[in-house]
Amino acid sequence: MAKYLFLKHYRGGPTPTNDVPFDQWTPEEFDAHCRYMDDFAERLKVTGEFVDAQALAADGLWVRSDGAGKPAVTDGPFAETKDLIAGWMVVDVDSRERAIELAAELSAAPGAGGAPVEEWLEVRPFMTEPPVIGG
Amino acid sequence: MDDAELRRLAPVVLRVLVRRGADFATAEDAVQEALIRAFDRWDADPPRDPEAWLITVAWRAFLDLSRSDAARRAREERVEAEPRGGEVPDVDDTLQLYFRCAHPALTSSSAVALTLRAVGGLTTRQIAEAYLVPEATMAQRISRAKRTIAGEGLDRPGDPRDVMRVLYLVFNEGYSGDVDLAAEAIRLTRELSTLVDDPEVDGLLALMLLHHARRESRRRPDGSIVVLADQDRGGWDTDLIAEGIAILRAALERDRLGEYQAQAAIAALHADAPRVEETDWVQIVEWYDELLRYADTPVVRLNRAVAVGEADGPLAGLAAMAGIGDEVPRRAAVAAHLHEANGDLDVAARLYAEAALAATNLAERDHLTRRAARVNQLR
């Protein structure tokens, strides 16, 4: 088994096929979208592949140390042009192919006009522990 | 024996151990061990006298913990100056327990965790699940909290306000995991109200009951939010409402108003309206004015603006928002609502979308996105 992270971006990723902002959809289209996402997560729980899903608020900033005893340096809120992560899902699957298959299914959530959004999801394998045999 | 009954016994047993001379921190760990054993065994083999069983098992656990602690403690600096049972005979033991767990030297998250465990009788695992953190993290948080208050003397009287703040936080966390935190907060506030002669405690209890009465109507089965105006009032729990209103009325008669009673009065006026159109917004505004005298915060001012919008029209509501900064949570959502009511649909749609982006929880974000979508359709 291997864990994969599906990263969803508010902005900064390549443009989706059905690129209409949420607030321009009808309420029914938005409901259908939410239902699709919930159903997807539920299905992965049933198959034993779901690990975690979290959403991030849009608010955020850069922070760094400015030396001992000094207050932190901050830069933010994020500029409009910055790549912004909206949230993630973590799955535990048998193969890279299965991870890609699931990410594609998630990306097909319906959007404006009921057509799939086909947004781009960033798929990243987790680092693993070194194997026991052959290690 | 249900879990609630078992949890009720936790502080009773803790008090017995402390009265026998056990230090608070170790005694609390011992009670926790006894509770976990009870959860494991009682289903198959319930004791005849649960309280006696718990005291015996907890006392044995205390002796074990003390023995294994003894060697370690010899190496460590001894920071504890625990008052022994019997040394403070004037103070009610249970109330003392509440004060200790809500000690102002503790951070809010530590005070909440310690209260739930020592007074509420929850296990570390249950508390960790409710707050979505690993169990080891929660265990660490609780033992650090106990170390913090071990160094603090109990020479000054406790402040019920500290306890109320902790219970309010627990209630607001609502429901996640297998423990109903809202119900737990109500149970503990109910007990506190029997220990403290302060109408504000009754005000807090009334506030909780009146909000709890609406809980089934606040969310759809899919988790989405139903705002107050759209809730099915037939689904409200009328027993809880009646109890909340009776408690509030008795508290108000004592003429020592405070922020919790004022908040409960506002909740009571909502609960009193059989249909949303019958809501007495004028009186609600008056109660917000009272509330401002005790808690003049931007959030209270914002909620007052909503009430003013209903009582005197959306333009008056927008005027009442003057001076509330952009950084105040839900400001854009309230402005959107008032502009929508005033027929400025373009502005409302833009503000709803802005509010959705600023939302700090998914249910609210989705709700505001739906509003934006709906207003956009009306334009």
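Letters A, B, ... mirror the listed sequences (proteins, then strands); counts begin at 1.
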Residue A:Trp120 excluded, over 12 heavy atoms near CH2 under 6.0 Å: no

Top of A:Pro21, A:Ala58, A:Pro27 for chain B proximity - count of heavy-atom pairs under 4.5 angstrom: A:Pro27

Over 12 non-hydrogen atoms of neighbours within 6.0 angstrom of CG in A:Asp59: no

More than 12 heavy atoms of other groups within 6.0 Å of A:Arg11 CZ: yes

Which atoms of B:Ala358 approach chain A - backbone, side chain, both or neither, heavy atom under 4.5 Å: neither

Side chain, backbone, both or neither of A:Phe22 within contact of chain B (heavy atoms, under 4.5 Å): both

Rounded distance [0.5 Å steps], CD in A:Glu29 versus CZ in B:Arg370: 13.0 Å

Side chain A:Asp23, main chain B:Ala349, donor-acceptor under 3.5 Å: no

Nearest atoms (heavy-atom pairs only) where B:Ala359 meets A:Ala57: O-CB, 3.9 Å

Heavy-atom neighbours of B:Arg331 CZ exceed 12 at 6.0 Å: yes

Heavy-atom side-chain proximity of A:Arg35 to B:Asp222 below 4.5 angstrom: no

Which atoms of B:Asp366 approach chain A - backbone, side chain, both or neither, heavy atom under 4.5 Å: both

Which atoms of B:Arg371 approach chain A - backbone, side chain, both or neither, heavy atom under 4.5 Å: neither

Enclosure of B:Arg144 CZ (heavy-atom neighbours >12, cutoff 6.0 Å): no

Contact origin within B:Leu362 toward chain A - heavy atom pairs under 4.5 Å: side chain

